[in-house]
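Worth knowing before you read on, the calculation uses all heavy atoms, side chains too, and leaves out hydrogens, waters and symmetry mates. Since this is a predicted model, take the numbers as computed values, not measurements.
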Amino acid sequence: MKNQRGVTLIGMLVAAMAVVIVAIGVLKIAPAYIEYFKVKKAIVSIAQSNSKATVQEVRIAYERRSAIDDLDVIGPKDLDITKEGGDIVISFAYPKRISLFGNISVVIDFAASSNN
């Protein structure tokens, strides 16, 4: 009886394919997260610098900021703008569908608020 050790050629190929599939997934999902963090940074900045602004002024500020930062995932009308303790709180939520390959997709529900 022989004692076999090591990885077979088929095992190495399967492992390499799995690494490639994971890498493709990460490369396709990463831009969605980058975009989410850009929008969150924008609303936090707007809420801090326009704490006494009206809803319309906040929407205009976001529209300007989104034009500069090329944010097109949500528009100014998609923002929920409220006041808490006299300060502006800006919130948003949206789903993002990312096609990985073939008929396989990932849906990520993004949501954030300027006060957290």
Q: Given side chain to side chain contact (heavy atoms under 4.5 Å, CB included), test Ile74 with Tyr36 step by step and report yes or no.
A: CA-CA 10 Å; Ile74 62 170; Tyr36 162 76; over 6 Å; no

Q. Please walk me through it: do Asn115 and Glu84 pass side-chain hydrogen bond (donor to acceptor under 3.5 Å, both in side chains)?
A. CA-CA 9 Å; Asn115 66 350; Glu84 287 183 16; 3.3 Å; yes

Q.
Is the shortest side-chain heavy-atom distance between Val106 and Lys28 below 4.5 Å?
A. no

Q. For Lys96, does the NZ atom have more than 12 heavy-atom neighbours from other residues, nucleotides or ligands under 6.0 Å away?
A. no

Q) Just wondering, do Val58 and Ile88 contact through their side chains at under 4.5 Å, heavy atoms? A) yes

Q. So do the side chains of Glu57 and Ile60 get within less than 4.5 Å of each other, counting heavy atoms only?
A. no

Q: Evaluate side chain to side chain contact (heavy atoms under 4.5 Å, CB included) for Asp72 paired with Glu35, printing each intermediate quantity in order.
A: CA-CA 9 Å; Asp72 58 0; Glu35 188 172 48; 3.3 Å; yes

Q: State, with a plain yes or no, whether a side-chain heavy atom of Ser105 is found less than 4.5 Å away from one of Leu100.
A: no

(Q) A side-chain contact here means heavy atoms from C-beta on lying under 4.5 Å apart; do Asp109 and Tyr94 qualify? (A) no

Q. For atom NZ of Lys77, is the number of surrounding heavy atoms from other residues, nucleotides or ligands below 6.0 Å larger than 12?
A. no

Q) Does a sphere of radius 6.0 Å around NZ in Lys41 hold more than 12 heavy atoms from other residues, nucleotides or ligands, not counting ones at 6.0 Å or beyond? A) no

Q.
Aromatic contact between Phe110 and Phe92, with the criterion being ring centroids under 6.0 Å apart: yes or no?
A. no

(Q) Would Ser113 and Val89 count as a side chain to side chain contact (heavy atoms under 4.5 Å, CB included) here? Give the steps. (A) CA-CA 7 Å; Ser113 178; Val89 176; 3.4 Å; yes

